[in-house]
Number of protein chains: 2
Amino acid sequence: MFEHTFSNVFFIFASKMKYTIKNIAELAGVSKGTVDRVLHERGKVSAKALEKVNAVLNEIDYKPNLLARSLKKTRNYHICVVLPDFNKDPYWSPCNEGIEEAIEEFASFGVFIEPFFFNPNDIKSFIKVNKKVLELLPNAVLLAPLFYKETIEIINKYALSNIIVSKFNNQLEINNTQNFVGQDLYKSGRIAASLMKEIISKNATIAIINIDEDSNNAIYVQEKEKGFRSFFNEIESYNIVTWNCKQQDIDAKLLDFINENIALSGIFVTTSKVYTIAEFIKNKKIEHIKVIGYDLLDENMLYLKNGIINFLIHQNPKKQVYLGLTYLVDYFLFDKEIPAKSLLPIDIITAENLETYTEN
Amino acid sequence: MFEHTFSNVFFIFASKMKYTIKNIAELAGVSKGTVDRVLHERGKVSAKALEKVNAVLNEIDYKPNLLARSLKKTRNYHICVVLPDFNKDPYWSPCNEGIEEAIEEFASFGVFIEPFFFNPNDIKSFIKVNKKVLELLPNAVLLAPLFYKETIEIINKYALSNIIVSKFNNQLEINNTQNFVGQDLYKSGRIAASLMKEIISKNATIAIINIDEDSNNAIYVQEKEKGFRSFFNEIESYNIVTWNCKQQDIDAKLLDFINENIALSGIFVTTSKVYTIAEFIKNKKIEHIKVIGYDLLDENMLYLKNGIINFLIHQNPKKQVYLGLTYLVDYFLFDKEIPAKSLLPIDIITAENLETYTEN
DNA sequence: TGAAAAAGTGTGCTCGAACACATTTTTTAA
DNA sequence: TTAAAAAATGTGTTCGAGCACACTTTTTCA
């Protein structure tokens, strides 16, 4: 270790001392300008000076003060979040909380976060909103890429304007995605299956129900279905059937579907719309069917608590946006790298541990 | 809205513009010193000036730049973490990772974090380590308060030296704890019980096994037991027995215990030592007993994957320390409030969702 | 009324990094 | 040998908040 002392520095933690560029300059016997040039490899440094500075840098553990760095290059950063309108689909409602928290928290650092909502049932609305955002020329966009083809196009346009794009919730291509925050949907399906297996008896029939899933975001639901089926394929002796339906058809057709499959003892709903099935089951007083679905919507939580839904899988949309925004902010302010792929844990929610996820 | 413009300010986002003290001073027609006095209520401001500044402050949404604020009052903060040696109990091993990550991340902000380990089986070691830490006079201590009486004493001493104390993992008093990061142990026991109920048949016998729990940290284990029993008390028709044992006695005595309780079909181990029971069950080729325990120790994860352990409850010690440290750092750097009580979600881990918690 | 005390106000420096620009040293070539 | 060009080095300003200190205005009271 170096044994030098600085006039202006009070050694509190001997070896763990925080060095500044000025300190390094003094130790190396050069000016802070030279140290700066060495640190940033800006050239214009003589071999002798380079050596002196590097000698010091090798001895100490210099970490630039990120507060000072970020303050110096103070800029106002603008991040837009593009996501479905939660009035059209309550699944997205928690995202809003996450965004509001991020707005509040990061405003003090000069980061301005702005949400933009589109209609998840209307591709045109998705395109329109993105066009509007593009015109604002923000520094970055955090996007829920619901529509495959249109997202590819808009991402290219953003790229032309040097706007960073991160995605959340839906993986655009299932592999090789960049800047993505979300969950592994295939695994999520497998987990649902493993839970189902624990709570129903052998040789039973299990239904996978996809509600209101048109071809657009069907790929995401299909991943879950694949995962679910893969689990049972490995153990056999279960009969898995898939039913695609519209929400308004449930009342008219679900009873027929149940009667057609007499051994039916488990239903896996691939989205947050599981409450519609639960409602039906409750009204018809069907007691032998176990239900697993997605997400902590108010209605879902109600049916979970009174035992009609047995398990919910938590996709944690709030954490997804918040984390996505955190990555972008850390990138702008502190030069942190944005993780190419951030897969959140897949939480299993029961009536008992539910409140530990909703508190605070 | 104000319609003024500043010579040196470029309006990017009309109303969402970031104001500085200088801006406010210009708008109010006073100097930044006066604005500063108003903001901090330092007095020495005339009624007229106060009014002018407040008029501006009411119109705009001033958020001080936390980077600048923190840079100005640059200090080196020293935080000590006092926790059990992970060589004595592998449960604490993930904490180390959390601490290492925090050290790395916060060093750039002038925060120096230092871990101190004590022997969890030796009260004297706990006292000794804390005494050592006290002499260092850090700004804060993050503590795993394993021993009740001794913790009370040491906390008082820290307080006398104006050292902030946060606790994690063990709640000192079950209610009214301050600066605590951890889980609700009672609830955790209930969750274990609810899972047990799903996977065993009615009228069965269930064993609660406490391994190596002497009177010191017994209170924490007792909370889990209480929660577990409370769940089954509500539904009856189950027979719950408790067995307290030493790890070295398992081989000699567990088989007797199992034979004494012929209907035994579920075991709840109240700590991370569940692998010792799993090992026994595997060796004796007992197949009808379901096992639920705690924490993602390597051995536990192995038995979870091969089906001997059915569920693990994740106490997330790594997240606990990391979060505890984050709270302290945010407090020192950005004047954020330290939450009095931060209860983490209680994660249910199965063979299927396990890897979503261990990745990244 | 006027000097002293009190109250109010403004200026300028600091934190550490970054970078523009000024100054000094070395190299080049006539 | 020397002037010009190039390279190397050092200096000073900025970011925004916070605070010490200097300066100005108002109030107090003999």
Side-chain angles (χ1 to χ4, degrees), chain A residues 6-10 17-54 57 60 62-77 107-111 332-335, chain B residues 6-10 17-54 57 60 62-77 107-111 332-335:
Chain A
F6 310 104
S7 50
N8 60 335
V9 165
F10 183 51
M17 132 106 207
K18 273 298 285 175
Y19 292 90
T20 68
I21 286 186
K22 208 175 144 198
N23 295 154
I24 297 171
E26 288 175 24
L27 284 174
V30 297
S31 75
K32 65 198 182 85
T34 301
V35 175
D36 180 73
R37 278 181 286 268
V38 173
L39 286 172
H40 293 88
E41 293 176 335
R42 282 196 237 277
K44 308 251 176 187
V45 175
S46 68
K48 212 199 294 172
L50 182 71
E51 203 186 337
K52 283 195 287 183
V53 173
N54 275 334
L57 289 177
I60 65 165
Y62 171 68
K63 298 234 173 81
N65 184 322
L66 294 184
L67 298 173
R69 170 178 291 177
S70 195
L71 175 62
K72 179 55 184 63
K73 28 181 209 173
T74 269
R75 270 180 53 200
N76 284 306
Y77 298 98
S108 315
F109 295 97
V111 180
F332 287 127
L333 295 182
F334 305 125
D335 288 327
Chain B
F6 308 105
S7 51
N8 59 335
V9 165
F10 183 52
M17 134 105 207
K18 273 299 284 175
Y19 291 90
T20 69
I21 286 186
K22 207 175 143 199
N23 295 154
I24 297 171
E26 287 174 24
L27 284 173
V30 297
S31 74
K32 65 196 185 86
T34 301
V35 175
D36 180 74
R37 277 181 286 267
V38 173
L39 286 171
H40 294 89
E41 294 175 332
R42 281 196 238 277
K44 308 253 176 184
V45 175
S46 68
K48 212 199 297 174
L50 183 69
E51 202 185 338
K52 283 195 288 182
V53 174
N54 276 332
L57 288 177
I60 66 166
Y62 171 68
K63 298 237 174 78
N65 184 321
L66 295 184
L67 298 174
R69 169 178 292 175
S70 195
L71 174 63
K72 178 56 184 61
K73 28 181 210 170
T74 269
R75 272 181 52 202
N76 285 306
Y77 297 99
S108 315
F109 296 96
V111 180
F332 287 127
L333 294 182
F334 305 124
D335 288 326

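All figures in this text were calculated on a predicted structure; none of them were measured in a lab.
- Put simply, NZ on A:Lys48 is 7 Å from P on C:dT26, counting in whole angstrom units.
- Scanning all heavy atoms of the two residues, the minimum distance from A:Ser31 to A:Ala25 falls at C-CB, 3.7 Å.
- What you find for A:Leu71 and B:Leu67 is that their closest heavy atoms are N-CD1, 4.1 Å.
- Spacing between atom CG of A:Asn65 and atom P of D:dC15 amounts to 18 Å, rounded to whole angstrom units.
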Note to self: Determine whether A:Ile24 and A:Ile60 satisfy the following criterion, side chain to side chain contact (heavy atoms under 4.5 Å, CB included), listing intermediate values before the conclusion.
What the structure shows: CA-CA 9 Å; A:Ile24 297 171; A:Ile60 65 165; 3.8 Å; yes
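- When the side-chain nitrogen and oxygen atoms of A:Tyr62 are compared with OP1 and OP2 of C:dA17, one or more of them lie within a distance under 4.0 Å.
- In this structure, B:Ile21 atom CD1 and C:dT9 atom P are separated by 16 Å, rounded to whole Å.
- Counting only heavy atoms from C-beta on, A:Lys44 has its side chain closest to D:dT9 among D:dT9, C:dG16, D:dG18.
- In this structure, the side chain of B:Lys18 does not engage the main chain of A:Val111 through any donor-acceptor pair within 3.5 Å.
- Neither OP1 nor OP2 of C:dA7 sits under 4.0 Å from any side-chain N or O of B:Ser46.
- Base contact: A:Leu71 has a heavy atom under 4.0 Å from a base atom.
- Residue pairs that meet the salt bridge (Lys or Arg N to Asp or Glu O under 4.0 Å) test with at least one member in residues 34-45 of chain A, sequence neighbours left out, are A:Asp36-A:Arg42.
- The interatomic distance linking B:Ile60 (CD1) with D:dG16 (C1') rounds to 14 Å, in whole Å.
- Spacing between atom NZ of A:Lys22 and atom P of C:dA17 amounts to 11 Å, rounded to whole angstrom units.
- Rounding to whole angstrom units, NZ of residue B:Lys52 and P of C:dG8 are separated by 14 Å.
- Within a heavy-atom distance below 4.0 Å of DNA chain D, the residues of residues 28-43 of chain A found are A:Val30, A:Ser31, A:Lys32, A:Gly33, A:Thr34, A:Arg37.
- Using a 30° and 60° split on the angle between ring planes, B:Tyr77 and B:Phe332 fall in the parallel class, below 30°.
- Taking atom CD of A:Glu51 as the reference point, atom P of D:dA8 lies 15 Å away to the nearest angstrom.
- A:Ser108 places no side-chain N or O within donor-acceptor distance of the main-chain N or O of B:Leu66, the cut-off being under 3.5 Å.
- Within the 4.0 Å cut-off from OP1 or OP2 of D:dG16, not a single side-chain nitrogen or oxygen of B:Arg69 is found.
- Per the geometry, NZ belonging to A:Lys72 stands 6 Å off C1' belonging to C:dC19, to the nearest Å.
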